[in-house]
Amino acid sequence: MRSYDTILVGLGLAGGCLAWAHQARGSELLVIDREESVTASRIAAGLVTPVTGQRLVKTWRLDEFYPCARDFYRWVEIETGVAFFHELPAVRLFVDDNERACYEKRQSSPSYAGMFAPIDRWPASMPAPFGGVELVPAARLDVAQFLQVTREHLRSRQCYRAGELQLPQDVQLIHDGVELPAWGVRARHLIFCQGYAAHANPWFQGFAWNPAKGEILIVAIPGHEEPRIVHRGIWIAPTGMKNASGDRLYRVGATYDWSRLDQVPTPHGREELEQRLASSLTVPFHVVGHDAAIRPILKNLNPVIGCLPEHPAIGFMNGLGSKGSLLAPYFSQQLTGHLLEGIPLEPAVDFSIRRGQGG
Ligand SMILES: Cc1cc2nc3c(=O)[nH]c(=O)nc-3n(C[C@H](O)[C@H](O)[C@H](O)COP(=O)(O)OP(=O)(O)OC[C@H]3O[C@@H](n4cnc5c(N)ncnc54)[C@H](O)[C@@H]3O)c2cc1C
């Protein structure tokens with residue numbers, strides 16, 4: 001039976017970042033993923049946005065998380081020779097006077113210093129009767145590309161297996177770790193990075209979920225050439241790809257639905273996004289793709305990382321919500337330091353504390 005320091009279950013943003021954080025510390029690692037064609041990470045636009053919502057609220061701990069995420073993804077880019085973290089200011093076009101008034105208030109607040117800049121080139125084909133502003137720092141992580149290079153990297157080092165871990169029958173707890181007899185492996189730690197699938201994990205219990213289904217479109221917009229992410233009630237993000245006619249493809253999103261928790265794209269979701277896009281553009285577009293997946297959001301909103309107090313070999317990284325691209329690098333490094341060197345976790349995200357509080 002082959003031995004590892006850590007086995008990770010799930011190769012989404014959580015598992016991908018955790019794998020790199022482990023490799024940076026020379027840990028012996030195996031990643032198991034069931035290779036679903038649609039997951040939250042695979043369809044995510046990967047936007048990293050400094051302010052969100054109609055009230056332009058600054059993203060939680062942006063000043064800590066953004067430099068950490070940028071340095072982390074840049075390092076993986078160097079390791080793999082593939083670029084997937086694209087930094088560029090985002091554009092916010094105000095939808096009404098209220099939004100503009102919110103911006104004016106935020107602009108004078110010291111905690112927002114340096115985050116707003118005048119727009120030097122207005123997006124073509126997008127009306128802006130209430131004005132707008134550029135947002136920094138902002139970026140787009142090409143999540144599908146990040147996952148693909150991560151999978152290839154792990155495969156080339158014999159650190160990756162495709163398949164579904166059956167729970168709980170595939171897992172045997174032993175005195176100093178876990179064994180997966182059907183897989184012929186054992187490890188000191190088995191860390192679940194399953195996204196919303198963890199709601200059925202018998203060890204990830206005691207957490208209140210608030211998962212949200214999200215739908216996005218991929219659209220071709222002939223003649224529209226905008227490299228920045230534009231927010232105008234919805235967001236329109238470049239994909240870096242073109243269709244056969246040479247038109248640039250953009251992701252447009254996203255819906256939030258807390259009632260139908262499946263991965264099925266709906267006519268209603270498509271209609272909502274098409275209507276909102278039509279009111280944001282003065283040129284025609286056509287839809288070439290439509291996806292849906294579930295965001296792993298916990299009621300508490302913060303991510304959760306750490307191990308089961310009663311079985312410290314079993315651990316988790318979950319609850320990345322709508323901000324996996326920004327949060328995963330920071331919390332994967334924190335969890336890795338905890339697993340390999342016993343460094344304490346922040347109480348706000350510590351599994352053992354959070355479970356005691358009901359999630
Ligand atoms: C429409 C939409 C748009 C989004 N846009 C953004 C965005 O712009 N920016 C942003 O930061 N975030 C965005 N998000 C959120 C982001 O997708 C999530 O934060 C992130 O993907 C969660 O990653 P995860 O690794 O926790 O979960 P997942 O992506 O769900 O990954 C879990 C992995 O575990 C695997 N797995 C589960 N169980 C098993 C098992 N038993 N055995 C083997 N494998 C298993 C799954 O197949 C999957 O590969 C968006 C989400 C949606 C739905």
Side-chain angles (χ1 to χ4, degrees), residues 7-19 30-49 52 59-60 65-66 69 73 85 90 138-144 146-147 150-151 160-171 180 183 190-204 211-218 229 231 234-237 239 251-257 261-263 265 269 273 289-298 301 303-305 316-329 331-332:
I7 298 173
L8 305 181
V9 181
L11 184 59
L13 274 168
C17 289
L18 202 49
L30 176 69
V31 179
I32 297 173
D33 184 73
R34 62 187 179 193
E35 298 195 346
E36 289 172 275
S37 57
V38 173
T39 64
S41 298
R42 283 197 185 201
I43 74 157
L47 311 188
V48 179
T49 311
T52 51
T59 297
W60 180 53
F65 295 159
Y66 189 88
Y73 293 127
F85 187 68
R140 176 176 65 84
L141 175 71
D142 186 334
V143 187
F146 167 68
L147 294 180
T150 301
R151 198 181 306 269
Y160 178 78
R161 304 247 317 251
E164 177 164 8
L165 193 74
Q166 302 295 329
L167 300 176
Q169 58 269 35
D170 276 358
V171 182
L180 312 182
W183 297 71
L190 176 67
I191 308 297
F192 291 100
C193 306
Q194 294 175 278
Y196 180 60
H199 77 282
N201 183 316
W203 291 293
F204 193 81
K213 175 176 176 176
E215 299 190 40
I216 59 161
L217 300 179
I218 301 184
I229 298 150
H231 299 261
I234 50 170
W235 45 256
I236 306 171
T239 63
R251 275 200 183 76
V252 176
T255 62
Y256 276 79
D257 179 351
L261 295 178
D262 58 41
Q263 306 213 130
L273 292 170
H290 182 192
D291 288 308
I294 301 171
R295 301 173 182 89
I297 308 177
L298 296 169
L301 292 181
V304 66
I305 56 177
F316 305 92
M317 177 163 170
N318 212 310
L320 293 178
S322 306
K323 296 199 165 63
S325 310
L326 179 66
L327 302 180
F331 288 108
S332 61

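When a ligand or atom number is given, it counts from 1 through the structure's own listing order.
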May I ask you to list the atoms of ligand 1 that are less than 4.0 angstrom from any heavy atom of [X]?
X      : value
Gly46  : 7 (C), 8 (O), 9 (N)
Cys193 : 32 (C), 33 (C), 34 (O)
Gly321 : 15 (C), 16 (C), 18 (C), 19 (O)
Val9   : 40 (C), 42 (N), 43 (C)
Gly214 : 1 (C)

Among all the protein's non-hydrogen atoms, which is closest to [atom], and how far away is it?
atom                    : value
atom 53 (C) of ligand 1 : Ala293 O, 3.5 Å
atom 12 (N) of ligand 1 : Ser322 O, 3.1 Å
atom 28 (P) of ligand 1 : Ser41 OG, 3.8 Å
atom 2 (C) of ligand 1  : Arg295 NH2, 4.1 Å
atom 8 (O) of ligand 1  : Leu47 N, 2.8 Å

Heavy atom of Gly163, distance to ligand 1 below 4.0 Å: yes
Would you say Ile216 contacts ligand 1, with heavy atoms under 4.0 Å as the rule? yes
With backbone taken as N, CA, C and O and side chain as the heavy atoms from C-beta onward, which portion of Lys323 lies under 4.0 Å from ligand 1: side chain, backbone, both, or neither? backbone
Ignoring angles and geometry beyond distance, decide whether [X] reaches within less than 3.5 Å of ligand 1 through its nitrogen or oxygen atoms.
X      : answer
Leu13  : yes
Glu35  : no
Ala254 : no

Looking at non-hydrogen atoms alone, which of Gly195, Gly12, Pro296 comes nearest to atom 22 (C) of ligand 1? Pro296
Look at atom 47 (O) of ligand 1 and find which of Glu36, Gln194, Arg161 reaches it with the closest heavy atom. Glu36
Taking atom types as modelled and ignoring hydrogens, do the side chains of Tyr66 and Thr59 form a donor-acceptor contact shorter than 3.5 angstrom? no
Hey, would you say the Trp60 and Phe65 ring centroids sit under 6.0 Å apart? yes
Inspect the contact between Asp291 and Arg42 and indicate whether a charged nitrogen and a carboxylate oxygen are less than 4.0 angstrom apart. no
Is any side-chain heavy atom of Leu11 less than 4.5 Å from a side-chain heavy atom of Tyr160? yes
